[in-house]
Amino acid sequence: MHLGSVALLVREYDEAIAYYVGTLGFQLLEDTDLGQGKRWVRVAPAGAATSLLLAQARSPEQMQAIGNQSGGRVFLFLHADDFWADYHRLKTRGVQFVEEPRLESYGYVVVFTDLYGNAWDLLEATL
């Protein structure tokens, strides 16, 4: 078994695609119209086995959870092949980092927030 996709609540499909593809540099894997305003939209970093399923919020409860699906904790972990190159590339694209990069016992890490306020780790493991 493997984890295929993780659903991420978003306000609007095209806005989310613009951020995850245009800003973070992910690939648009699928954008299928399901009718009645619903789409099946998957994005992922190049070569990743797991994708994000961008799920447009429909109910008031879902709208309230946008950007806070993990209760304010780091929610997603983006592994870098070259931490410093990826950090500088994302920074020049306008990604909002909430701290300075740091070296931990397990590798280089920095927290950033996405378009909706979800906290991510950009991480290059050195173990």
Side-chain angles (χ1 to χ4, degrees):
M1 291 189 293
H2 70 276
L3 188 62
S5 295
V6 174
L8 182 67
L9 289 169
V10 300
R11 280 189 300 257
E12 197 275 320
Y13 295 116
D14 292 328
E15 148 189 277
I17 291 168
Y19 180 81
Y20 292 104
V21 173
T23 302
L24 291 187
F26 289 11
Q27 294 179 332
L28 178 61
L29 303 177
E30 186 175 0
D31 186 355
T32 303
D33 187 341
L34 301 176
Q36 300 179 346
K38 290 186 178 182
R39 289 158 58 183
W40 187 260
V41 179
R42 293 185 314 114
V43 298
T50 304
S51 64
L52 287 179
L53 174 67
L54 303 180
Q56 186 170 309
R58 297 286 178 194
S59 70
E61 294 82 14
Q62 290 175 1
M63 291 296 289
Q64 288 180 336
I66 292 173
N68 194 29
Q69 287 182 226
S70 65
R73 291 188 57 119
V74 169
F75 176 45
L76 298 161
F77 299 82
L78 185 58
H79 286 237
D81 294 323
D82 182 336
F83 178 86
W84 291 106
D86 291 334
Y87 169 74
H88 291 296
R89 179 179 51 81
L90 293 175
K91 191 167 183 145
T92 61
R93 289 183 177 179
V95 171
Q96 299 298 307
F97 290 92
V98 299
E99 62 181 12
E100 293 300 314
R102 63 188 191 279
L103 178 59
E104 296 288 347
S105 60
Y106 51 84
Y108 289 100
V109 65
V110 65
V111 176
F112 69 92
T113 55
D114 67 14
L115 171 67
Y116 302 106
N118 294 300
W120 292 61
D121 269 358
L122 175 65
L123 167 70
E124 182 178 0
T126 56
L127 297 177

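What you see below is based on every heavy atom in this structure, not just the backbone, and it leaves out hydrogens, waters and symmetry mates. Along the sequence shown, the residues carry numbers beginning at 1.
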Quick check: does any side chain N or O of [X] sit under 3.5 Å from a backbone N or O of [Y], one acting as donor and the other as acceptor?
{"X": "Gln36", "Y": "Lys38", "value": "no"}
{"X": "Thr23", "Y": "Tyr20", "value": "no"}
{"X": "Gln96", "Y": "Phe112", "value": "no"}
{"X": "Glu99", "Y": "Phe97", "value": "no"}
{"X": "Glu124", "Y": "Phe83", "value": "yes"}
{"X": "Thr50", "Y": "Leu3", "value": "yes"}
{"X": "Tyr13", "Y": "Arg39", "value": "yes"}

Short N-O contact, Arg102 and Glu104, less than 4.0 angstrom
yes
Mind listing the closest non-hydrogen atom pair of [X] and [Y] along with its distance?
{"X": "Ser105", "Y": "Thr126", "result": "O-OG1, 4.3 Å"}
{"X": "Gln56", "Y": "Glu12", "result": "OE1-CA, 3.6 Å"}
{"X": "Thr113", "Y": "Ala119", "result": "CG2-CA, 4.4 Å"}
{"X": "Gln62", "Y": "Leu9", "result": "O-CD1, 3.6 Å"}
{"X": "Leu122", "Y": "Ala80", "result": "CD1-CB, 3.9 Å"}

Under the side chain to side chain contact (heavy atoms under 4.5 Å, CB included) rule, what do Leu76 and Leu52 come out as? Steps first, then yes or no, please.
CA-CA 10 Å; Leu76 298 161; Leu52 287 179; 4.1 Å; yes
Side-chain donor-acceptor pair under 3.5 Å between Asn68 and Tyr116, yes or no?
no
Verify the distance criterion only: is there a donor paired with an acceptor across the side chains of Asp31 and Trp40 at less than 3.5 Å?
no
Measure centre to centre between the rings of Tyr108 and Tyr87, then say whether the value is under 6.0 Å.
no
Measuring from Asp114:CG to Leu78:CG, what's the distance to the nearest 0.5 Å?
11.0 Å
Stepwise side chain to side chain contact (heavy atoms under 4.5 Å, CB included) test for Tyr19 and Leu24
CA-CA 7 Å; Tyr19 180 81; Leu24 291 187; 3.7 Å; yes
Student check: side-chain heavy atoms of Leu54 and Ile17 closer than 4.5 Å:
yes
Ser5 vs Arg42 side-chain heavy atoms within contact, under 4.5 Å:
yes
Is there a continuous path of hydrophobic side-chain contacts, each under 4.5 Å between heavy atoms, that joins Leu115 to Val10?
yes
State yes or no: do Leu90 and Phe75 share one hydrophobic cluster built from I, L, V, M, F, W and Y residues joined by side-chain heavy-atom distances below 4.5 Å, directly or via other members?
yes
